[in-house]
Amino acid sequence: METDIQSIDWSAAWAEVQTRNRAKRPYCDPSFWNKRARNFADHQSGKNDYPRQFVDRLHLDPGWSVLDVGCGPGTLALLLADQVRKVTALDFSENMLSILKQRTDEAGVNNIKPFLANIDDNWDELGIMQHDLVIASRSMSTRDLEGILSKLTRFARKKVVVSTMVGKGPRDHRIMAAAGRAQEPGPDYIYVINQLYRMGIYAELGFIVQNIERSYESHDDALEDCRWMIDNMTGEEDDRLRHFFRENLEQRDGRWFLTGSEPIRWAVISWDT
């Protein structure tokens, strides 16, 4: 039996998976990101090349204004600041925006405006204006997929670029299994690209591939580093992971390595407005 893709409500399917996925729920809570802000900021700035790969795909115009939705500690905003006219950096975590403010002060950057707001807030009431380019990098933690795609489109004069996970996303399945946590992947890029098609938007699709080498200063550092994967870790899970790291970490050049990590893939989806 042939299925008409236009008849599938991809937004409703996205909401269903988001609702039942316990692992995704903390990401919708500002307190989760306030607690994790400093570690997240340090990881983004020094341990992977995702930010540069993402920015390289934007094909920026120096005269553009950019709305960075879910900006976090400003990793992308700071890269964008010297390539465009101005950046509005929106996030719902006060601690993330505090780190961004600290970084802009240290770098002498004066064309980034931080804005405390949620992706689901009414941006018109908050006074957020249209920008030439709107980006949402790994930040669409919302149940209303169609609504947010429509909103991003409406606030972009020229272009929208979003990124979202492919398959199971960035969690290391070996660490999850060692802790005894079930893998609960959220909805991936297929929902987004198909919902856009259903909305009459013919988007371009590309992929960022991150080759991961997990390295740590110590076994305790390894345990701390993986807490983002396993929210509210129990004492039993802590013990299991300590055993896993004792058995699997390899030491060289003064650091500990967990070898054999699978590459992480992110879908980058863009469309003109």
Side-chain angles (χ1 to χ4, degrees), residues 2-21 24 27-28 50-51 53-61 64-72 76 80 84 87-92 117-124 128-170 184-210 264-273:
E2 192 171 313
T3 300
D4 178 7
I5 196 171
Q6 289 281 14
S7 69
I8 300 173
D9 189 338
W10 290 95
S11 187
W14 168 283
E16 180 184 351
V17 177
Q18 289 276 23
T19 300
R20 71 169 183 256
N21 189 340
K24 292 285 287 184
Y27 297 154
C28 300
Y50 169 88
Q53 287 197 60
F54 182 85
V55 170
D56 286 347
R57 292 171 178 266
L58 298 180
H59 307 297
L60 298 165
D61 184 300
W64 278 1
S65 60
V66 180
L67 175 60
D68 181 1
V69 180
C71 67
L76 294 177
L80 293 168
V84 298
V87 180
T88 301
L90 182 153
D91 204 277
F92 68 175
N118 195 324
I119 193 170
D120 291 320
D121 287 342
N122 187 320
W123 295 351
D124 294 299
I128 298 174
M129 309 297 290
Q130 267 196 332
H131 289 63
D132 296 302
L133 171 66
V134 176
I135 64 172
S137 168
R138 306 184 296 189
S139 60
M140 293 198 301
S141 293
T142 176
R143 290 181 175 85
D144 184 10
L145 179 61
E146 182 175 9
I148 207 60
L149 294 175
S150 297
K151 181 190 288 188
L152 297 177
T153 302
R154 184 164 61 85
F155 276 83
R157 292 191 193 95
K158 300 182 185 298
K159 187 176 184 179
V160 181
V161 182
V162 305
S163 66
T164 190
M165 70 181 191
V166 177
K168 294 182 178 180
E184 294 182 290
D188 78 347
Y189 78 100
I190 288 294
Y191 292 73
V192 179
I193 201 79
N194 285 339
Q195 178 58 37
L196 286 167
Y197 178 79
R198 194 168 189 255
M199 294 164 62
I201 297 173
Y202 302 98
E204 294 185 8
L205 173 65
F207 296 93
I208 291 174
V209 180
Q210 291 178 263
I264 298 172
R265 290 175 171 81
W266 301 96
V268 181
I269 303 168
S270 61
W271 61 99
D272 295 330
T273 60

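Nothing here was measured: the structure is a model prediction, and the numbers come from that model.
R157 places a side-chain N or O within donor-acceptor distance of the main-chain N or O of Q130, the cut-off being under 3.5 Å. Between the side chain of D132 and the main chain of K158, no donor-acceptor pair closer than 3.5 Å is present.
To the nearest 0.5 Å, atoms CE (M165) and CH2 (W266) are separated by 7.5 Å. We find the CD-CG distance between Q18 and L145 to be 9.0 Å, quoted to the nearest 0.5 Å. Of the inter-residue distances, the one linking Y202 atom OH with Y197 atom OH reads 5.5 Å to the nearest 0.5 angstrom. Annotation: the span from L58 atom CG to L76 atom CG amounts to 8.0 Å, rounded to 0.5 Å. Put simply, CE on M140 and OG1 on T164 are 5.0 Å apart, with the number rounded to the nearest 0.5 Å. One finds the CH2 atom of W271 at 6.0 Å from the CG atom of L152 (value rounded to the nearest 0.5 Å).
Judged as a side-chain contact (heavy atoms from CB on, under 4.5 Å), and not counting sequence neighbours, the contacts of I190 are W10, D188, N194. Listed by chain and number, the residues in a side-chain contact (heavy atoms from CB on, under 4.5 Å) with R57 are I208, V268 (sequence neighbours excluded). Not counting sequence neighbours, the partners of D120 by the side-chain hydrogen bond (donor to acceptor under 3.5 Å, both in side chains) test are T142. Qualifying side-chain contact (heavy atoms from CB on, under 4.5 Å) partners for A117, counting only residues two or more places apart in sequence or in other chains: L90, F115, D121, L126. Listed by chain and residue number, F155 satisfy the ring pair (Phe, Tyr, Trp, His ring centres under 6.0 Å) test with W123 (two or more places apart in sequence, or in another chain). In terms of the salt bridge (Lys or Arg N to Asp or Glu O under 4.0 Å) criterion, residue partners of D124 (sequence neighbours excluded) are, by chain and number, R154.
Here the shortest heavy-atom pairing between S270 and V161 reads CB-CG2, 3.8 Å. Minimum interatomic distance between W64 and V84 (heavy atoms only, all atoms of both residues): O-CB, 3.4 Å. Among all heavy-atom pairs drawn from A203 and L196, the shortest one is CB-CD1, 3.9 Å. When all heavy atoms are compared, the tightest approach of G70 to S139 is CA-CB, 3.9 Å. Contact detail for T273 and A156: the closest heavy-atom pair is OG1-O, 2.9 Å. Shown here for Q53 and V209, the closest heavy-atom pair between the two residues is NE2-O, 3.4 Å.
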* Asked: Can you list the steps and then say if V55 with L60 is a side chain to side chain contact (heavy atoms under 4.5 Å, CB included)?
  -> CA-CA 8 Å; V55 170; L60 298 165; 4.3 Å; yes
* Could you go through the side chain to side chain contact (heavy atoms under 4.5 Å, CB included) check for I135 and L80 one step at a time? => CA-CA 11 Å; I135 64 172; L80 293 168; 3.9 Å; yes
* Asked: Between Y50 and S137, is a side chain to side chain donor-acceptor pair (under 3.5 Å) present by the stated rule, with each step listed?
  -> CA-CA 10 Å; Y50 169 88; S137 168; 2.7 Å; yes
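No cation-pi contact links R138 to F54, judged by a cut-off of 6.0 Å to the six-membered ring centre and 45° from its axis.
At least one side-chain heavy atom of D144 sits less than 4.5 Å from a side-chain heavy atom of S11. Using a 4.5 Å heavy-atom threshold, the side chains of H131 and V66 count as separate. With a 4.5 Å cut-off on side-chain heavy atoms, F92 and I119 do not count as touching.
Heavy atoms of other residues, nucleotides or ligands lying less than 6.0 angstrom from CD of E204 number 12 at most.
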